[in-house]
Protein chains: 2
Amino acid sequence: MLLHLNPASGVPIYLQIENQVKHYVAAGALGPGDALPSVRKVAADMRINPNTVARAYQNLERDGILRSVPGGGTYVAENPGGLLKSEKIRRLRPYARQIAVEGTQLRLEPQEIVNLVEQELESLEVADERVGNSHR
Amino acid sequence: MLLHLNPASGVPIYLQIENQVKHYVAAGALGPGDALPSVRKVAADMRINPNTVARAYQNLERDGILRSVPGGGTYVAENPGGLLKSEKIRRLRPYARQIAVEGTQLRLEPQEIVNLVEQELESLEVADERVGNSHR
DNA sequence: GCAAGTGTATTAGTGTATTAGTACAGCATG
DNA sequence: CATGCTGTACTAATACACTAATACACTTGC
């Protein structure tokens with residue numbers, strides 16, 4: 001699992017890790033049960049403090065993406081999806097509103113905004129299939 | 001223009017102001033040339049410091065949404081849209097990627113994610129028409 | 001020109017975010 | 001059981017974000 005970290009980018013390192021792991025999991029490059037490199041391994045490779053990696057892993061565990069066992073390692077969580085659809089939508093709506101407002105502000109046509117979202121979704125799905133997952 | 005500010009929400013006050021003004025403008029409740037309440041007026045109403053309002057107005061001016069004239073007041077900017085479409089899309093793509101990854105993580109179907117974005121876009125368009133704008 | 005309004009610049013204070021250092025506790029393999 | 005790995009808890013240093021106080025400069029209308 002390759003991580004690209006840029007301490008000077010303005011976005012916190014632990015957030016960069018979170019985002020990239022989320023992306024890998026969403027794209028299927030990391031599947032349920034797969035092991036992640038240890039906090040010390042990542043820390044050594046990236047020359048950062050293990051606690052910074054740990055914080056990212058902990059946040060991802062809070063979000064149900066990962067599962068950490070003390071002494072054992074950190075793994076991608078099994079697919080729960082265990083949330084009411086109404087709750088899922090409630091959580092996603094702020095993102096939808098943001099892209100709608102920002103896109104409208106840029107004077108982009110609604111269709112162009114929707115197309116952009118569809119593009120990104122497809123780029124995830126394509127990567128998912130390429131890794132051998134048949135329409136989860 | 002009604003503002004709902006909650007200092008304890010975790011979201012900085014100046015960002016709450018920015019988001020709400022952006023929403024009003026995107027929905028057409030505020031049109032080009034319309035005057036905004038002065039930083040002191042908002043500050044007095046909301047019992048916050050004028051500088052906090054000013055910061056929101058300045059950020060919105062940087063984004064091309066507003067136009068402030070020292071001593072004169074703050075107004076909604078004239079429609080520029082003066083950006084290459086490729087640049088607009090480049091700016092919007094991170095939002096698209098985020099909602100794609102987050103939505104996929106929640107195990108929502110791509111169609112459901114797209115629907116959510118379309119909903120928010122429609123809610124803006126509907127408000128726009130209701131205010132008397134014919135398909136800008 | 002004066003008064004009352006406007007946005008702006010500067011400074012300071014408070015809190016929190018971010019990262020790292022260090023020590024601790026549990027699992028696993030020899 | 002001992003060694004070396006794992007994640008974790010606690011603490012601290014530092015920087016930055018956020019808000020406010022205050023003074024300044026400009027525009028408008030009388």
Side-chain angles (χ1 to χ4, degrees), chain A residues 1 3-22 25 30 32-78, chain B residues 1 3-22 25 30 32-78:
Chain A
M1 188 187 63
L3 290 180
H4 301 275
L5 303 184
N6 176 11
S9 77
V11 26
I13 299 177
Y14 76 94
L15 267 186
Q16 296 183 41
I17 298 175
E18 283 182 47
N19 291 334
Q20 290 177 43
V21 171
K22 270 188 192 174
V25 173
L30 287 174
D34 286 357
L36 274 77
S38 77
V39 294
R40 280 177 178 76
K41 172 74 160 45
V42 175
D45 289 353
M46 298 296 156
R47 309 211 200 305
I48 58 179
N49 192 284
N51 264 331
T52 303
V53 185
R55 175 165 182 182
Y57 283 9
Q58 283 165 1
N59 286 348
L60 289 167
E61 186 172 18
R62 167 180 51 77
D63 291 348
I65 316 277
L66 301 182
R67 176 176 51 96
S68 289
V69 332
T74 301
Y75 306 87
V76 177
E78 307 297 328
Chain B
M1 189 187 64
L3 291 180
H4 301 275
L5 303 184
N6 175 10
S9 77
V11 180
I13 298 176
Y14 76 94
L15 268 186
Q16 296 183 42
I17 297 175
E18 283 183 46
N19 291 335
Q20 290 176 43
V21 171
K22 272 188 190 174
V25 174
L30 286 174
D34 286 357
L36 274 76
S38 77
V39 294
R40 282 177 176 76
K41 172 73 160 47
V42 175
D45 288 352
M46 298 296 156
R47 308 210 203 303
I48 58 180
N49 192 285
N51 264 332
T52 303
V53 185
R55 176 168 180 181
Y57 283 8
Q58 283 166 0
N59 287 348
L60 289 167
E61 185 171 17
R62 166 180 52 78
D63 291 348
I65 316 276
L66 299 183
R67 175 176 54 96
S68 288
V69 334
T74 302
Y75 307 87
V76 177
E78 306 298 327

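- In this structure, B:Leu5 and B:Gln20 have side chains that are in contact, with non-hydrogen atoms separated by less than 4.5 Å.
- Rounding to the nearest 0.5 Å gives a distance of 6.0 Å between CG of B:Leu60 and CD1 of B:Ile65.
- By the side chain to side chain donor-acceptor pair (under 3.5 Å) test, B:Arg55 is found to be paired with B:Tyr14, residues two or more places apart in sequence or in another chain being considered.
- Taking A:Asn19 as the reference, nothing meets the side-chain contact (heavy atoms from CB on, under 4.5 Å) condition, with sequence neighbours excluded.
- In this structure, B:Gly64 and B:Ala77 approach most closely via the heavy-atom pair O-CB, 3.5 Å.
- Within residues 9-17 of chain B, the residues that have a heavy atom under 4.0 Å from DNA chain D are, in order of number, B:Pro12, B:Ile13, B:Tyr14.
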Evaluation steps, side-chain contact (heavy atoms from CB on, under 4.5 Å), between B:Val53 and B:Ile48
CA-CA 8 Å; B:Val53 185; B:Ile48 58 180; 3.8 Å; yes

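- For A:Glu18, the side chain to side chain donor-acceptor pair (under 3.5 Å) criterion is met by A:Asn59, not counting sequence neighbours.
- Listed by chain and number, the residues in a side-chain contact (heavy atoms from CB on, under 4.5 Å) with B:Ser68 are B:Glu61, B:Thr74 (sequence neighbours excluded).
- Looking at residues 51-62 of chain A, you'll see A:Asn51, A:Thr52, A:Arg55 sit with a heavy atom under 4.0 Å from some atom of DNA chain C.
- Residues forming a salt bridge (charged side-chain N to carboxylate O under 4.0 Å, His left out) with B:Asp63 (at least two apart in sequence, or on another chain): B:Lys22.
- Distance check: B:His4 NE2 to B:Ile17 CD1 gives 13.0 Å after rounding to the nearest 0.5 Å.
- The distance from the CD1 atom of A:Ile13 to the CG atom of A:Asn6 is 9.0 Å, given to the nearest 0.5 Å.
- A pairwise comparison of heavy atoms in A:Pro32 and A:Glu78 identifies CB-OE1, 3.7 Å as the closest pair.
- Within residues 36-49 of chain A, the residues that place at least one heavy atom under 4.0 Å from DNA chain D are, in residue-number order, A:Ser38, A:Val39, A:Arg40.
- Taking B:Val11 as the reference, B:Ser9, B:Leu15, B:Gln16 meet the side-chain contact (heavy atoms from CB on, under 4.5 Å) condition, with sequence neighbours excluded.
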Atom pairs and distances, donor-acceptor, side-chain atoms in residues 35-47 of chain B, under 3.5 Å, two or more places apart:
residue: B:Ser38; atom: OG; partner: B:Arg40; partner atom: N; Å: 3.4
residue: B:Ser38; atom: OG; partner: B:Lys41; partner atom: N; Å: 3.0
residue: B:Lys41; atom: NZ; partner: B:Asp45; partner atom: OD2; Å: 2.9

Dot-bracket for DNA chain D, please, read 5' to 3', with Watson-Crick or G-U wobble pairs under 3.5 Å on both distances, ( ) within the strand, [ ] crossing, | other strand, . unpaired.
||||||||||||||||||||||||||||||

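- Nucleotides of DNA chain C with any atom under 4.0 Å from a heavy atom of chain A span, from 5' to 3', C:dT18 to C:dC27.
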